[in-house]
Amino acid sequence: LGTLHPDSTDVEGDIEHLISLGLKGVKFHPDFQKFAIDEERALRIYEICEKKGLPVLFHTGDSRYKFSNPENVEPILKRFKNLTVIGAHLGGWSIWEKAVDTLSKYDNFYVDCSSALYAITPEKAKEVIRKYGAERVMFATDYPMWNPKEELERFYALGLTKEENEQILY
């Protein structure tokens with residue numbers, strides 16, 4: 001995935017450049033990039049990504065900031081129904097229950113488990129994964145922050161079924 005910023009003066013050109021590099025989607029980290037996911041200035045990017053079939057991945061959730069929380073993601077899911085949206089960190093780092101309760105009803109919303117399994121109990125992680133449905137969860141590690149081998153061990157320690165593991169890992 002490539003990254004873009006809503007303040008770009010050439011969003012169309014930036015997206016075409018990402019595609020020309022062989023990249024398959026766009027990643028945003030609103031907390032670092034200092035924009036709310038649902039800000040007007042970001043909507044053009046989502047519109048173009050939706051038209052081109054490019055998924056977007058957001059760093060989502062953080063009790064310390066207001067940029068990437070479920071209430072910012074939900075308007076995008078409602079407005080861009082054909083845009084594939086991936087919420088990193090089980091959809092809402094540190095606010096997992098709020099995220100799953102708000103966002104799991106949207107068919108175009110998926111999550112990964114990066115930077116989450118170290119900070120959430122295995123029981124709560126399993127509950128959150130099952131509320132989304134394993135078919136909408138992707139294994140991820142947030143490397144180099146976390147060691148992939150250790151993240152895989154944390155993942156297997158959740159005690160999901162073989163079918164759930166395969167859906168998430170493959």
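Computation of the quantities below employed the complete heavy-atom set of this structure, encompassing side-chain atoms and omitting hydrogens, waters and symmetry-equivalent molecules. No experiment lies behind these values; they were computed from the predicted model shown.
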- About how many Å separate CG of L4 and CG of D10, when rounded to the nearest 0.5 Å? 10.5 Å

- Closest non-hydrogen atoms of K78 and Y106, given as atom of the first, atom of the second and distance, are CE-OH, 3.0 Å

- Message: Less than 4.5 Å apart, side chain to side chain, heavy atoms only: is that true for N69 and I37?
- Response: no

- From CD1 (I48) to CG (L83), nearest 0.5 Å: 12.0 Å

- D101 side, atom CG; I95 side, atom CD1 - distance, nearest 0.5 Å: 11.0 Å

- Task: Determine, step by step, whether F67 and N72 satisfy the side chain to side chain contact (heavy atoms under 4.5 Å, CB included) criterion, reporting the C-alpha distance in whole Å, the side-chain angles of both residues, the deciding distance to 0.1 Å, and the verdict.
- Result: CA-CA 7 Å; F67 299 110; N72 303 103; 5.8 Å; no

- Single-linkage hydrophobic cluster, 4.5 Å side-chain cutoff, L169 and W146 together: yes

- Item | Qualifying salt bridge (Lys or Arg N to Asp or Glu O under 4.0 Å) pairs with a residue from residues 84-98, counting only residues at least two apart or across chains | E71-K98, E97-K124

- More than 12 heavy atoms of other groups within 6.0 Å of K27 NZ: no

- Do the side chains of Y110 and L158 join up, straight or via other hydrophobic residues, at under 4.5 Å, putting them in one cluster? no

- Message: side chain to side chain contact (heavy atoms under 4.5 Å, CB included) for D112 and L57? Distances and angles first, verdict last.
- Response: CA-CA 9 Å; D112 75 24; L57 182 145; 4.0 Å; yes

- Item | Cationic N near anionic O, under 4.0 Å, E12 to R44 | yes

- Note on the structure: Between the CG atom in L103 and the CG atom in L90, the distance rounded to the nearest 0.5 Å is 12.0 Å

- side chain to side chain contact (heavy atoms under 4.5 Å, CB included) between E164 and R130, intermediate numbers included: CA-CA 9 Å; E164 289 169 322; R130 288 185 170 155; 2.8 Å; yes

- Would you say the side-chain atoms of D62 pair up with the backbone N or O of W93, donor to acceptor, closer than 3.5 Å? no

- Are K105 and E74 close enough for a salt bridge, meaning some N to O gap below 4.0 Å? yes

- Message: I'd like to check I168 versus F155 (side-chain heavy atoms, cut-off strictly below 4.5 Å). Are they in contact?
- Response: yes

- Message: Applying salt bridge (charged side-chain N to carboxylate O under 4.0 Å, His left out) to K81 and E50, what does each step give before you reach the verdict?
- Response: CA-CA 9 Å; K81 292 179 174 51; E50 182 180 48; over 6 Å; no

- Query: Would you call H5 and R41 a side-chain contact if the rule is heavy atoms closer than 4.5 Å?
  - Reply: yes

- Whether over 12 other heavy atoms sit under 6.0 Å from E135 CD: yes

- Item | Stepwise side chain to side chain contact (heavy atoms under 4.5 Å, CB included) check, L43 with R79 | CA-CA 10 Å; L43 300 181; R79 181 169 178 167; 2.9 Å; yes

- Main-chain N/O of A88 paired to S114 side chain as donor or acceptor, under 3.5 Å: no

- Query: Does atom OH of Y118 have more than 12 heavy-atom neighbours from other groups under 6.0 Å away?
  - Reply: yes

Can you list, pair by pair, the side-chain donor-acceptor contacts under 3.5 Å of residues 14-26, counting residues two or more places apart and other chains?
unit_1 : atom_1 : unit_2 : atom_2 : d
D14    : OD2    : S8     : OG     : 2.4
E16    : OE2    : K52    : NZ     : 2.7
S20    : OG     : H17    : O      : 2.7

- Item | Point-to-point distance, once rounded to the nearest 0.5 Å, from CZ of F109 to CD1 of I86 | 9.5 Å

- Task: Identify the heavy atoms of Y132 and G91 that sit nearest to each other, and give their distance.
- Result: OH-CA, 3.8 Å

- Task: Can you see which heavy atom on P55 is nearest to which on G53, and at what distance?
- Result: CD-O, 3.6 Å

- Task: Kindly check if the number of other-residue, nucleotide or ligand heavy atoms within 6.0 Å of NZ (K34) is above 12?
- Result: yes

- Message: Can you classify the ring geometry of F80 versus Y46 as parallel (below 30°), tilted (30 to 60°) or perpendicular (above 60°)?
- Response: perpendicular

Please tabulate, for the side chains in residues 137-144, all donor-acceptor contacts under 3.5 angstrom to protein atoms that are two or more places apart in sequence or on a different chain.
unit_1 : atom_1 : unit_2 : atom_2 : d
T141   : OG1    : Y143   : N      : 3.2
D142   : OD2    : S115   : OG     : 2.5

- Mind checking the CD1-CG spacing from I129 to L117? Nearest 0.5 Å is all I need. 6.5 Å

- Task: Establish whether V73 and Y65 are linked, either directly or via other cluster members, by ILVMFWY side-chain heavy-atom contacts under 4.5 Å.
- Result: no

- Message: Tell me whether T60 contacts the main-chain N or O of S68 through its side chain, where contact means a donor paired with an acceptor under 3.5 Å.
- Response: no

